[in-house]
Structure formats: structure tokens, C-alpha cells
Amino acid sequence: AQSVSQHNHHVILSEAASLELGCNYSYGGTVNLFWYVQYPGQHLQLLLKYFSGDPLVKGIKGFEAEFIKSKFSFNLRKPSVQWSDTAEYFCAVSSPGYSSASKIIFGSGTRLSIRP
Amino acid sequence: DAGVIQSPRHEVTEMGQEVTLRCKPISGHDYLFWYRQTMMRGLELLIYFNNNVPIDDSGMPEDRFSAKMPNASFSTLKIQPSEPRDSAVYFCASTYSGRSDTQYFGPGTRLTVL
């Protein structure tokens with residue numbers, strides 16, 4: 001069965017610091033990978049996604065993620081965070097062979113707090 | 001587009017009462033998902049529908065939970081009877097086959113069972 005691990009439950013950074021949030025998945029086949037963001041009191045929004053091609057994916061708001069197949073990882077990065085990046089970040093995986101809109105498995109989330 | 005619409009946004013009820021949560025997916029979307037989010041368990045998929053038909057309900061916690069999708073523009077998640085441990089935020093999400101798995105989430109319903 002698929003699973004997603006986010007080992008950092010809570011990350012605290014100062015503004016302008018660089019960010020890297022870890023995400024590892026377990027699934028032997030082809031995967032689609034996602035990062036969703038949930039700002040305080042709001043619903044989940046898609047930050048970026050990887051389906052195929054260039055393993056370095058650029059998303060909204062200066063975020064990027066790199067798919068490393070050999071490590072089963074899809075870490076999220078941002079070179080310089082802002083206070084407005086305070087949110088909870090969810091990594092997710094789905095298997096495209098299951099169906100064209102298959103079940104997505106979410107990680108437990110990483111809460112990011114940015115000190116102004 | 002108005003996005004995924006959920007109602008109510010907040011619900012407070014007493015243990016034993018029936019609770020019905022509602023979702024209107026984005027027009028044209030043929031998949032609908034119900035999730036539950038809690039501090040302890042994170043985001044859990046409860047059930048999802050394709051073309052109004054339930055495909056996978058393995059995440060539904062127990063028989064007290066039921067979900068229906070009578071048509072392409074409406075779904076309900078019902079809890080009867082409700083218990084305090086059902087307190088959570090319930091999200092509905094939708095997508096369509098051509099969007100390659102990108103799901104669009106509603107604002108959620110925050111349920112508190114006293």
C-alpha cells in the first residue's frame with residue numbers, strides 16, 4: 001500500500017531563511033506527487049505537482065520541489081521564506097495507473113511557523 | 001467558477017444527534033472526495049465517488065457514517081448518531097478525469113460534537 005511520510009511535524013524559521021521540508025513515499029510503481037498548502041483557517045490549495053518530465057518542479061509563490069526517484073523523495077524548498085508562508089504543508093502521492101483521478105494519499109503534514 | 005461549496009461552515013451538535021454535511025462540487029467535475037482532518041490523524045480520505053457512484057469507502061470509520069451523491073452537483077455525508085470523537089474538519093474535494101489527479105478542495109465544515 002502507498003504511504004507518505006513527512007518527518008518534520010513543526011518547523012520554525014525566521015524570515016528570509018531557506019526552507020526544505022522532507023517528504024518520502026513508499027510505492028514501487030509510477031507515481032504522481034503533490035504538495036498542498038493550508039493557510040490558517042483556509043482549505044487546502046495545490047502548491048505544485050509532478051507527473052513526469054523534469055524532476056525539478058516549480059510552483060506558486062517561489063516554491064519548488066525535486067523528485068528523486070532513487071530516494072523515493074519529493075522535498076519542498078524555498079530559498080527565502082516570508083511571514084505569509086506560515087501554513088501547514090501536505091505532501092501527497094497517487095498512482096496514475098489506478099484511474100485518471102485516483103485516490104490521493106496525504107502525509108500527516110508539516111506545520112511551518114515563520115518568525116517576523 | 002465558485003469552487004467547491006460546503007455547508008454548513010460550522011456545526012455544533014450534541015452527542016447522539018444526526019449531522020448532515022453538504023457539498024457541491026465544481027461544475028463538470030466527475031470525481032468527488034470526502035476527507036476528515038484531525039490533529040491526531042491528519043487528513044484521511046473517507047470515501048470518493050466517480051460519476052455519482054461510490055468507488056472506495058474503505059476510509060469510512062464505521063456504520064454511523066454514510067455518504068450519498070444523488071446527482072452530479074450534490075453530495076452529503078451523514079453521521080448518525082454523532083459522537084464527540086467525530087469532531088473534526090470535514091473537507092470535500094472534486095476533480096475531473098482530464099485534470100490528472102489535481103483535486104480542488106472546499107472550505108471545509110468544522111464539526112463539534114459536545
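What you see below is based on every heavy atom in this structure, not just the backbone, and it leaves out hydrogens, waters and symmetry mates. Chain A is the first sequence line, chain B the second, and so forth, proteins listed ahead of strands; every chain is numbered from 1.
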Quick check: are there more than 12 heavy atoms from other residues, nucleotides or ligands sitting under 6.0 Å from CD of Glu14(B)?
no
Is it possible for you to say whether Leu76(A) and Ile114(A) belong to one hydrophobic cluster, with membership spreading through side-chain heavy-atom contacts below 4.5 Å?
yes
Run the side chain to side chain contact (heavy atoms under 4.5 Å, CB included) test against Ala72(B) and tell me which residues pass, sequence neighbours left out.
Asn52(B)
Consider only side-chain heavy atoms of I, L, V, M, F, W and Y, link residues closer than 4.5 Å, and tell whether Tyr90(B) and Tyr104(B) are in one cluster.
no
Identify the residues of residues 62-70 of chain B whose heavy atoms come closer than 4.5 Å to a heavy atom of chain A, ordered by number, or report 'none'.
none
Surrounding CZ of Arg77(A) (heavy atoms of other residues, nucleotides or ligands, distance under 6.0 Å), is the total greater than 12?
yes
Following the transitive rule for hydrophobic clusters with a side-chain heavy-atom cut-off under 4.5 Å over Ile, Leu, Val, Met, Phe, Trp and Tyr, establish whether Trp35(A) and Phe72(A) coincide in one cluster.
yes
Just verifying a value: how many Å separate Tyr36(A) OH and Phe105(B) CZ, rounded to the nearest 0.5 Å?
5.5 Å
Do the non-hydrogen side-chain atoms of Gln37(B) and Phe106(A) ever get within less than 4.5 Å of each other?
no
Ser94(B), part contacting chain A, at a heavy-atom distance under 4.5 Å:
neither
Would a hydrophobic clustering, with Ile, Leu, Val, Met, Phe, Trp and Tyr connected at side-chain separations under 4.5 Å, put Leu114(B) with Leu21(B)?
no
Please identify each residue that fulfils side chain to side chain contact (heavy atoms under 4.5 Å, CB included) with Lys71(A), with sequence neighbours left out.
Ile68(A), Ser73(A)
Result block: side-chain N/O donor-acceptor pairs under 3.5 angstrom for residues 11-22 of chain A, not counting sequence neighbours:
| residue | atom | partner | partner atom | Å |
| --- | --- | --- | --- | --- |
| Ser14(A) | OG | Arg115(A) | NH2 | 3.4 |
| Glu15(A) | OE2 | Trp83(A) | N | 2.9 |
| Glu20(A) | OE2 | Asn75(A) | ND2 | 3.1 |

Can you give me the closest heavy-atom contact between Gln38(A) and Phe91(B), atom names plus distance?
NE2-CZ, 3.2 Å
Under 4.5 Å heavy-atom distance to chain A, tell me which part of Gln6(B) shows up: side chain, backbone, both or neither.
neither
Please flag which part of Gln45(A) lies under 4.5 Å from any non-hydrogen atom of chain B: side chain, backbone, both or neither.
neither
